[in-house]
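A short write-up of the structure that comes next.
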Amino acid sequence: MTQQPAHNHPHCDVLIVGGGIIGIATAHYLNEKGLKVTVVDQGRMGHGSSYGNCGYICPSHLLPLAEPGRVVAGLKSLLKPRSAFKFKPQWRWAYYRWLFQFAKRCDHPTMMSGAAHLKTILDHSRQAYQALFESTDLDAQWQQTGLLYVLQTAKGVKDFARTDALLSAHFNTPAEFIKGDDLPDFDPALKPGLAGAFCYHNDASLSPSQLTSHWVKHLQSKGVDFIEQCQVRDLVCDGGHIKHIETNQGNLSADQVVFAAGAWSSAWGKQLELKIPVEPCKGYSVTMAKPELCPKMPMLFSEHHVGVTPFEDSFRLGSMIEFAGFDARIPTARINQLYQSVEPYLHAQLNRDNEKPWFGWRPMTWDSLPIIGRVPRVGNAFLATGHNMLGMTL
């Protein structure tokens with residue numbers, strides 16, 4: 001990517017802070033409206049949590065993380081190092097304030113209300129992806145094969161059937177149930193003896209890194225400017241408006257500023273005169289060579305909390321919901337756990353010779369709803385953040 005120094009950039013219509021999938025998508029639709037757009041990122045475009053995730057576009061995943069029983073599960077995780085859902089103690093008061101607000105929302109009525117809001121965005125986004133790939137030549141390995149939730153045990157099937165019944169009855173999101181005995185015929189990569197699976201045919205998948213890199217190139221050809229390694233140091237405000245932002249590459253000014261900074265968004269709360277309840281949540285993945293006997297479609301092994309995605313020339317395992325702040329370590333035990341979690345389900349012997357471990361920080365809100373809209377006290381500032389674990393989908 002050609003990187004243009006910030007100090008040479010003219011005033012633009014809209015400046016977007018954050019070059020992940022949300023910032024890139026925002027740039028796309030604003031550019032379609034004829035606006036002059038610049039996107040800045042503290043690293044490389046599309047290389048945060050939008051890079052190494054499983055690439056699911058999953059309208060089926062509409063129930064918020066804040067659901068009944070989640071607090072108990074989080075407390076139990078303190079005593080379970082291998083827990084896929086984990087709260088880690090931290091020395092930050094803001095973290096415990098966030099956890100308190102999250103706990104208050106772990107009830108059925110709040111969950112259902114949140115799911116209704118999410119469904120509206122999920123359905124719209126699914127249609128927007130369809131339109132995007134039909135109207136452009138973006139190559140992102142777009143597959144509309146659905147998403148298969150595979151259960152190992154009869155109890156797992158029974159528990160998930162209640163979720164499926166709720167999604168079907170209240171949100172018109174039904175799945176096809178596949179009996180365990182039929183699974184090896186449905187996908188030969190699956191081992192015999194599994195209890196069953198639920199297939200959500202409207203779900204899709206893509207290569208997240210391929211989407212973001214190709215989308216950026218497409219937008220550059222349309223006149224959108226992208227500035228990488230551009231760290232925002234300060235917001236200079238005057239009369240309730242952002243006059244310009246100071247960066248390590250000079251000052252930038254725009255009529256409107258959109259903050260799509262993902263897990264880092266809360267850092268700008270003080271200067272934007274509001275609290276931004278976004279907490280970083282760590283997820284892991286590992287990408288390797290495609291196995292000889294590879295699943296035909298993306299799958300979630302719900303009882304072991306791990307997802308798998310077959311790409312054209314690679315294979316990815318992803319999982320974990322780990323509230324650990326901005327901890328940049330990738331423990332070997334966590335990557336090993338990903339491999340161990342898929343063993344009960346897949347025939348494949350996975351080759352670890354050239355594996356690529358990865359982690360990303362998801363921007364989590366109390367109620368799993370994204371924060372989208374104008375900042376109340378700063379007239380030309382907008383937020384587009386807090387997309388939780390569904391950034392690619394939303």
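All residue numbers in this chain count up from 1 along the given sequence.
- Of the inter-residue distances, the one linking Lys296 atom NZ with Leu190 atom CG reads 9.5 Å to the nearest 0.5 angstrom.
- The shortest distance between side-chain heavy atoms of Phe315 and Val308 falls below 4.5 Å.
- Within a 6.0 Å sphere centred on NE2 of His124, heavy atoms belonging to other residues, nucleotides or ligands number 12 at most.
- Annotation: side chain of Val37 is in contact with side chain of Ile16 (closest heavy-atom distance under 4.5 Å).
- Under a hydrophobic clustering in which Ile, Leu, Val, Met, Phe, Trp and Tyr are joined whenever their side-chain heavy atoms come within less than 4.5 Å, directly or via other members, Leu15 and Trp268 fall into the same cluster.
- A donor-acceptor contact shorter than 3.5 Å is absent between the side chain of Asn388 and the backbone of Leu390.
- The aromatic rings of Phe102 and Phe323 sit tilted, their planes meeting at an angle between 30° and 60°.
- In this structure, Phe326 has its ring center under 6.0 Å from that of Trp361.
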Step-by-step side-chain contact (heavy atoms from CB on, under 4.5 Å) determination, Lys356 to Met288 = CA-CA 6 Å; Lys356 297 177 181 177; Met288 69 213 70; over 6 Å; no
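- Scored by the salt bridge (charged side-chain N to carboxylate O under 4.0 Å, His left out) test, Asp234 finds no partners at all (sequence neighbours excluded).
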Please assess Glu355 against Thr287 for the test side chain to side chain donor-acceptor pair (under 3.5 Å), listing each intermediate value before the final yes or no.
-> CA-CA 6 Å; Glu355 68 180 16; Thr287 307; over 6 Å; no
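- A heavy-atom distance below 4.5 Å is found between the side chains of Leu147 and Tyr56.
- Of the inter-residue distances, the one linking Cys230 atom SG with Ile245 atom CD1 reads 6.5 Å to the nearest 0.5 angstrom.
- Pairs engaging residues 91-101 under the salt bridge (charged side-chain N to carboxylate O under 4.0 Å, His left out) rule: Arg92-Glu279 [sequence neighbours left out].
- Across every non-hydrogen atom of Ser168 and Pro174, the tightest pair is OG-CB, 3.7 Å.
- Counting only N and O atoms by type, the side chains of His11 and Ser253 include a donor and acceptor under 3.5 Å apart.
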Is there a side-chain contact (heavy atoms from CB on, under 4.5 Å) between Val14 and Val257 once you walk through the steps?
-> CA-CA 6 Å; Val14 184; Val257 182; over 6 Å; no
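- For the pair Thr110 (side chain) and Asp107 (backbone), a donor-acceptor distance under 3.5 Å is absent.
- Here Arg44 does not pair with Asp41 in a salt bridge; the nearest charged N to carboxylate O distance is not below 4.0 Å.
- In this structure, CE on Met297 lies 8.0 Å from CG on Asp187, to the nearest 0.5 angstrom.
- In the hydrophobic clustering of this structure, Val224 groups with Val258; members are Ile, Leu, Val, Met, Phe, Trp, Tyr whose side-chain heavy atoms approach within less than 4.5 Å, directly or through other members.
- Applying the 6.0 Å contact sphere to NZ of Lys275 captures no more than 12 heavy atoms from other residues, nucleotides or ligands.
- Results of the side chain to side chain donor-acceptor pair (under 3.5 Å) test with Asp123 over Gln127, Lys119, Arg126 single out Lys119 as the only residue that passes.
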Between Leu383 and Val375, is a side-chain contact (heavy atoms from CB on, under 4.5 Å) present by the stated rule, with each step listed?
-> CA-CA 7 Å; Leu383 290 175; Val375 174; 3.9 Å; yes
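- With hydrogens and angles disregarded, a donor-acceptor distance shorter than 3.5 Å links the side chain of Thr309 to the backbone of Cys54.
- Here the closest non-hydrogen pair linking Asn53 and Arg316 is O-NH1, 2.7 Å.
- Of the possible donor and acceptor atoms, one in the side chain of Thr26 sits under 3.5 Å from a partner among the backbone N and O of Ile22.
- A 4.5 Å side-chain heavy-atom check between Lys179 and Phe186 finds every atom pair outside the cut-off.
- The aromatic ring centroids of Phe160 and Phe198 lie less than 6.0 Å from each other.
- Formation of a donor-acceptor pair under 3.5 Å by the Ser213 side chain with backbone atoms of Gln210 is found in this model.
- Between Leu274 atom CG and Ile276 atom CD1 the span is 5.0 Å, to the nearest 0.5 Å.
- Within the 4.5 Å cutoff, the side chain of Val342 has heavy atoms near those of the Leu317 side chain.
- Applying the side-chain contact (heavy atoms from CB on, under 4.5 Å) rule to Ser113 yields the partners His117; only residues at least two apart in sequence or on another chain are considered.
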Can you check side-chain contact (heavy atoms from CB on, under 4.5 Å) on Phe85 and Leu65, steps first, answer last?
-> CA-CA 10 Å; Phe85 173 70; Leu65 181 67; 4.2 Å; yes
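- With values rounded to the nearest 0.5 angstrom, Arg377 atom CZ is found 15.0 Å from Gln271 atom CD.
- Residues His61 and Tyr149 have side chains in contact (heavy-atom distance under 4.5 Å, counting atoms from C-beta outward).
- Cluster annotation: Phe171 is connected to Phe177 through the hydrophobic network of ILVMFWY side chains, with a link wherever side-chain heavy atoms come within less than 4.5 Å.
- Cluster annotation: Leu63 and Leu394 are assigned to the same hydrophobic cluster (Ile/Leu/Val/Met/Phe/Trp/Tyr, side-chain heavy-atom contacts under 4.5 Å, transitive).
- No more than 12 heavy-atom neighbours from other residues, nucleotides or ligands sit within 6.0 angstrom of OH on Tyr51.
- Of the possible polar contacts, none joining the Asp225 side chain to the Thr38 backbone as a donor-acceptor pair under 3.5 Å is found.
- The cluster map of Ile, Leu, Val, Met, Phe, Trp and Tyr, joined by side-chain heavy atoms under 4.5 Å apart, puts Leu148 and Leu346 in the same cluster.
- Between Asp137 and His218, the side chains place no donor N or O within less than 3.5 Å of an acceptor N or O (distance only, hydrogens not considered).
- Remark: the backbone N or O of Leu252 is not paired with any side-chain donor or acceptor of His244 at under 3.5 angstrom.
- Between Phe133 and Leu206, some side-chain heavy-atom pair lies under the 4.5 Å cut-off.
- Here the CG-CD distance, from Asp327 to Gln90, works out to 9.0 Å after rounding to the nearest 0.5 Å.
- Minimum heavy-atom separation, Leu118 to Ser368: CD2-O, 3.7 Å.
- Although no hydrogens or angles enter the test, the distance criterion places a donor-acceptor pair under 3.5 Å between the side chain of Arg374 and the main chain of Gly379.
- Note that Lys282 lies in the cation-pi zone of Phe359, set by a 6.0 Å cut-off to the ring centre and a 45° limit from the axis.
- Under the 3.5 Å distance criterion, the side-chain polar atoms of Glu228 are matched with a main-chain donor or acceptor of Met45.
- Side-chain contact between Val40 and Phe226: absent, with no pair of heavy atoms (C-beta onward) separated by less than 4.5 Å.
- Enclosure of atom CD in Gln349 is not indicated, since only 12 or fewer non-hydrogen atoms of other residues, nucleotides or ligands lie within 6.0 angstrom.
- No donor-acceptor contact under 3.5 angstrom links the side chains of Gln231 and Thr247, judged on distance only.
- A salt bridge links Glu322 with Arg334; the closest basic N to acidic carboxylate O contact falls under 4.0 Å.
- Side-chain atoms of Arg352 and Asn336 include a donor-acceptor pair closer than 3.5 Å.
- No donor-acceptor distance shorter than 3.5 angstrom exists from the side chain of Asn202 to the backbone of Thr173, with no hydrogens or angles considered.
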